[in-house]
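Encoded as structure tokens, the structure appears first; notes follow it.
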2 protein chains.
Amino acid sequence: MAKTPRKKASKKGLILLKAATLFRQRGFVATSMRDLAEVVGIEAASLYNHIRSKNEILEAICFDIANLFNEHLDQLESTKASSIEKIEQVLRFHIRHMVENYEQVIVTDREWRHLDEPFLSNFHTQRRAYRKRLAFFIEEGIQKKEIRPIDAPTAVLILLHAISGIESWHRSKKKISARELEENMLTILIDGLRKNV
Amino acid sequence: MAKTPRKKASKKGLILLKAATLFRQRGFVATSMRDLAEVVGIEAASLYNHIRSKNEILEAICFDIANLFNEHLDQLESTKASSIEKIEQVLRFHIRHMVENYEQVIVTDREWRHLDEPFLSNFHTQRRAYRKRLAFFIEEGIQKKEIRPIDAPTAVLILLHAISGIESWHRSKKKISARELEENMLTILIDGLRKNV
DNA sequence: CCTACCGATCGGTAGG
DNA sequence: CCTACCGATCGGTAGG
């Protein structure tokens, strides 16, 4: 409750936040540590009192986001919802984070390839596993006749990428509300999956 | 019909092709002219006998793709197809090019931000115009009750981004056929739009 | 198409 | 947290 609790941690937090913004705008490789230092308000060399390397910043962003989504999926799997309800919950979670933390989500999505080993392999593995779990929801739904018979990995790929389009929504001038965005996306995507009875 | 017709033009073509592959794999900024020279089989300095700058390569890739899609849309607009048929044709065209020329399409999609002015503004304008034309198809379809009442720009954003997911299909081990991919995507996306009667 | 090379900028360190 | 600086690499040019 003090006014400056763990000053160092909050400065590191600021660096990660500003880095996410720059990495989204210019890309990880095209953002220099001098660019980052400038928006943080210190000299480039001083950044290294808070972080070990440029790549460590990317690691922090990517794995924070990966953990967030993995934990949500863990919770959801222990639930009794129907397959299509589970898919809906996953989509709503993704959409909300693309609306609220879109800088981090987009950076993770677009720049994770620049991770160094062993983080690159680790991330890649987690990503494939996450998609497989989603594909399993869809296969389950197809068996239960909730979802039309389609290729499950293709459906996953459509769903996840469709959501990344929210980046354009952020930049559009006359935005619909976040609530409307979510309902519109759900309408199109869920009804595209649902088996008409 | 000679064996080496316009040697210089074909070498430039080779450079553009190899560049698209590298730019997709590593990103535009992270690909050096020395990397490119190596896969082309010449020294870095020699590249400049065929192209003027690194950015000119990106320009060639992005505007080739932009022209391709714009011309397709021109043709389609002079057609008498229903709104939903027009959307379907656009999706099929995008899907096929993501299957066949995916290196160029993905590079355009992901790296166009690194274009220099005035190309950057030009491309950005073309991109917005293209999306507006698609949104118009959807609004038209809503009025004719072919398409359910949704926010048209949101629908466009979902459709276009969903297709970029085909990159993952390329990398997947057990792929379904291109034909199946196209039909699966159409099923989900078009039925997500269609008004149930 | 190559050798030789340039100035600029990069991520990062030493030392205080 | 700063000044001063390092080696590496970048896109690109000169000259042949």
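- Taking every heavy atom of residues 20-30 of chain A and every atom of DNA chain D, no pair lies under 4.0 Å.
- More than 12 non-hydrogen atoms from other residues, nucleotides or ligands lie less than 6.0 angstrom from CZ of B:Arg171.
- The salt bridge (Lys or Arg N to Asp or Glu O under 4.0 Å) contacts involving residues 121-133 of chain B comprise B:Asp74-B:Arg133, B:Glu77-B:Arg133, where partners must be two or more places apart or lie in separate chains.
- Residues passing the ring pair (Phe, Tyr, Trp, His ring centres under 6.0 Å) test with A:Tyr130, sequence neighbours excluded: A:His94.
- Residues of residues 32-45 of chain B having a heavy atom closer than 4.0 Å to DNA chain C, listed by number: B:Ile42, B:Glu43, B:Ala45.
- For A:Gln89, there are no side chain to side chain donor-acceptor pair (under 3.5 Å) partners, not counting sequence neighbours.
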**OP:** Under 3.5 Å for both distances, Watson-Crick or G-U wobble, that's the pair rule; now give the dot-bracket for DNA chain C, with | marking pairs to another strand and [ ] for crossing ones.
**Re:** ||||||||||||||||

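- Each ring pair (Phe, Tyr, Trp, His ring centres under 6.0 Å) pair with one or both residues in residues 136-187 of chain A, not counting sequence neighbours, appears once here: A:Tyr102-A:His170.
- The salt bridge (Lys or Arg N to Asp or Glu O under 4.0 Å) contacts involving residues 35-48 of chain B comprise B:Arg26-B:Asp35, where partners must be two or more places apart or lie in separate chains.
- Looking at residues two or more places apart in sequence or on another chain, you find no side chain to side chain donor-acceptor pair (under 3.5 Å) involving B:Ser164.
- Under a cut-off of 6.0 angstrom, the local environment of NZ in B:Lys86 is crowded, with over 12 non-hydrogen atoms contributed by other residues, nucleotides or ligands.
- A side-chain donor-acceptor contact under 3.5 Å links A:Ser121 and A:Glu117.
- Side-chain N/O atoms of B:Asn70 and B:Gln126 include a donor and acceptor closer than 3.5 Å.
- First and last contacting nucleotides of DNA chain D toward chain B (any atom under 4.0 angstrom from a heavy atom, 5' to 3' order): D:dC10 to D:dT13.
- Scanning for ring pair (Phe, Tyr, Trp, His ring centres under 6.0 Å) contacts around A:Phe123 gives A:Phe63, A:Trp112, with sequence neighbours left out.
- Checked against ring pair (Phe, Tyr, Trp, His ring centres under 6.0 Å), B:His97 has the following partners two or more places apart in sequence or in another chain: B:Phe69, B:Phe93.
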